[in-house]
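Worksheet: one structure, shown below.
Nothing here was measured: the structure is a model prediction, and the numbers come from that model. Naming convention: chains lettered A, B, ... in sequence-line order (proteins, then strands); numbering from 1 in each chain. Worth knowing before you read on, the calculation uses all heavy atoms, side chains too, and leaves out hydrogens, waters and symmetry mates.
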There are 2 protein chains.
Amino acid sequence: MLNNYNEKDKVLLAVDCIIFGFDNDRLKILLIKRDFEPEKGKWSLIGGFLKQEENLDDAASRVLKHLTGLDDVYLEQFYTFSEIDRDPQERTISVSYYALINIEDHNNELNEQFSAQWFSIDKAPKLIFDHDQMVKHAIRRLRYRASTKPIGFELLPEKFTMKQLQNLYESILDTKLDKRNFISKINSLDVLIRLDEKDMESSRKGSYLHKFDKEKYDQKVSEGFTFKI
Amino acid sequence: MLNNYNEKDKVLLAVDCIIFGFDNDRLKILLIKRDFEPEKGKWSLIGGFLKQEENLDDAASRVLKHLTGLDDVYLEQFYTFSEIDRDPQERTISVSYYALINIEDHNNELNEQFSAQWFSIDKAPKLIFDHDQMVKHAIRRLRYRASTKPIGFELLPEKFTMKQLQNLYESILDTKLDKRNFISKINSLDVLIRLDEKDMESSRKGSYLHKFDKEKYDQKVSEGFTFKI
DNA sequence: TTTGAAAAGTGTGAAATAGACACTTATAAA
DNA sequence: TTTATAAGTGTCTATTTCACACTTTTCAAA
């Protein structure tokens, strides 16, 4: 029946998070080594169960805060996984989110008790359950989103060089980009502020630092602008 | 805790379907008038609850089959809605799908008992719960998907005219397209077969009927082709 | 039988965007 | 002062997108 609320059909709803980070070279994901059953000792995504008093976004934020200590993290729900035996111990449905965090600024907040570790996408270990599938799906969504919304900046420090930004996009899109074409594309979007400050780490000449100009971006969006890389 | 399977956190998981159809003029959605509580007499999407022995895709197919009698319908999951009070009677989480069906070929299969009715997107009545939000979300996803995958054909009869195809895209994308540019774009994709047959309904001259060439499309995809409108 | 009405069918040129490509500059360290 | 290293910068070509209007076919009405 379509209209019956049936107690016996209730299920456990998990929330699993793919946490993306960027170390100025490769796109990474944060994984934990489970010290609890099932699949103790194996690598997995972080997750938790939805509680009665919260919605899914809140559950994802809570799970993330628990592991990383971070509030105000970019989170996007992308798919709900429901194969009957995806968790062999008990039927659970998993709503998956991905998060974007800035490794550089926040690496220290990681909660030690989870033995969490960053892995390059292509060097990550095999994960439990259907978590590998979730990661694949998350990358697809991230690729799409990052090329149509300015979410890449979530993965960078507040001040960044053009080279960092280019490395980030190359890493997300898994492709090489031409430096001059990339820079003129970015400049034509006209949503960065070039600071007077230079980063002197990576070269003798030094390279200008930039900030994303959120106010300008919002203003332009309200005038019909769409971000596209 | 992250690892506790806790009976009291179990929830009801609903599946709701936005059913899109196309009547050669406007994009439509199929709604039902509820003859059961809660919200009896109001318009809503069709839906049902996930059962223990099925995954979400199967649940969506089942719900759809129950209403329309159709198997093998294009279905895509797009978002999971979880606001605590979205259903005031009992906490339910809803995983939403949209379906594409060909009104012309299948209007008769509709299960009478649901008093289902087709509505133009812009003339649909207010729906119960968060169903209006679901419809908005579904349209966004449909727009994106239809411009990157050849799913539009699911909404058309097997044989269709270029005019119908153009009307369909105009309706999905909610925009006017230039006839010549549209046709040359479609022709450049090279995935339609023009039949010798003409449709004589819409004009004295008659207009050629076309079919989507699925084999050719699949072949081209395997060679790196991507569909883009 | 001729004429008119209505939609189908068809191509070109201009503008904008994407993509390939290489040399100069600034600076710190040797 | 020399050298090594990454930063910074512009032009030309190819491709794609967009704007735009007349001819053809056929049925129905005069």
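Residues A:Phe78 and A:Tyr97 keep their aromatic ring centres 6.0 Å or farther apart. Taking the six-membered ring for Trp and the full ring otherwise, the centers of B:Tyr79 and B:Phe81 sit less than 6.0 Å from each other.
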Report all interatomic pairs (protein N or O, nucleotide N or O of nucleotides 14-17 of chain C) with separations under 3.5 Å.
none

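Side-chain contact between A:Val15 and A:Ser94: absent, with no pair of heavy atoms (C-beta onward) separated by less than 4.5 Å. Side chains of A:Val135 and A:Leu45 form a contact here, defined as non-hydrogen atoms less than 4.5 Å apart. Looking at A:Ile151 and A:Leu142, their side chains come closer than 4.5 Å, going by heavy atoms from C-beta outward. Between B:His66 and B:Phe114 there is a side-chain heavy-atom pair separated by less than 4.5 Å.
Summarising the geometry, the separation between CG on B:Asp199 and C1' on C:dA6 is reported as 14 Å, rounded to the nearest angstrom. For A:Lys163 and D:dT5, the NZ to P distance is 15 Å, given to the nearest whole Å. Separating the CG atom of B:Asn187 from the P atom of C:dG9 is a distance of 11 Å, rounded to the nearest angstrom. Computed from coordinates, the B:Ile183 CD1 to D:dA21 P distance equals 17 Å when rounded to whole Å. When the P atom of D:dA7 is taken as reference, atom CG of A:Leu209 falls 12 Å away, rounded to whole Å. Atoms CZ (B:Arg194) and C1' (C:dT10) sit 11 Å apart, rounded to a whole Å. Taking atom NZ of A:Lys185 as the reference point, atom P of D:dT9 lies 19 Å away to the nearest angstrom. Between the C1' atom of D:dT17 and the NZ atom of A:Lys228 lies a distance of 15 Å, rounded to the nearest Å.
At least one cation-pi condition fails for A:Arg194 and A:Phe160: the charged atom is not both under 6.0 angstrom from the six-membered ring centre and inside a 45 degree cone around its axis.
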Encode nucleotides 21-30 of chain C as B, S and - characters from 5' to 3', where the letter depends on protein heavy atoms closer than 4.0 Å: B to the base, S only to sugar-phosphate, - to neither. BB--BBBBS-
Kindly determine whether A:Glu76 and A:Tyr74 satisfy side-chain hydrogen bond (donor to acceptor under 3.5 Å, both in side chains), including the steps that lead there. CA-CA 7 Å; A:Glu76 181 182 344; A:Tyr74 181 89; 3.1 Å; yes
Would you please test A:Tyr208 and A:Asp196 for side-chain hydrogen bond (donor to acceptor under 3.5 Å, both in side chains) and show each step? CA-CA 7 Å; A:Tyr208 283 107; A:Asp196 285 332; over 6 Å; no
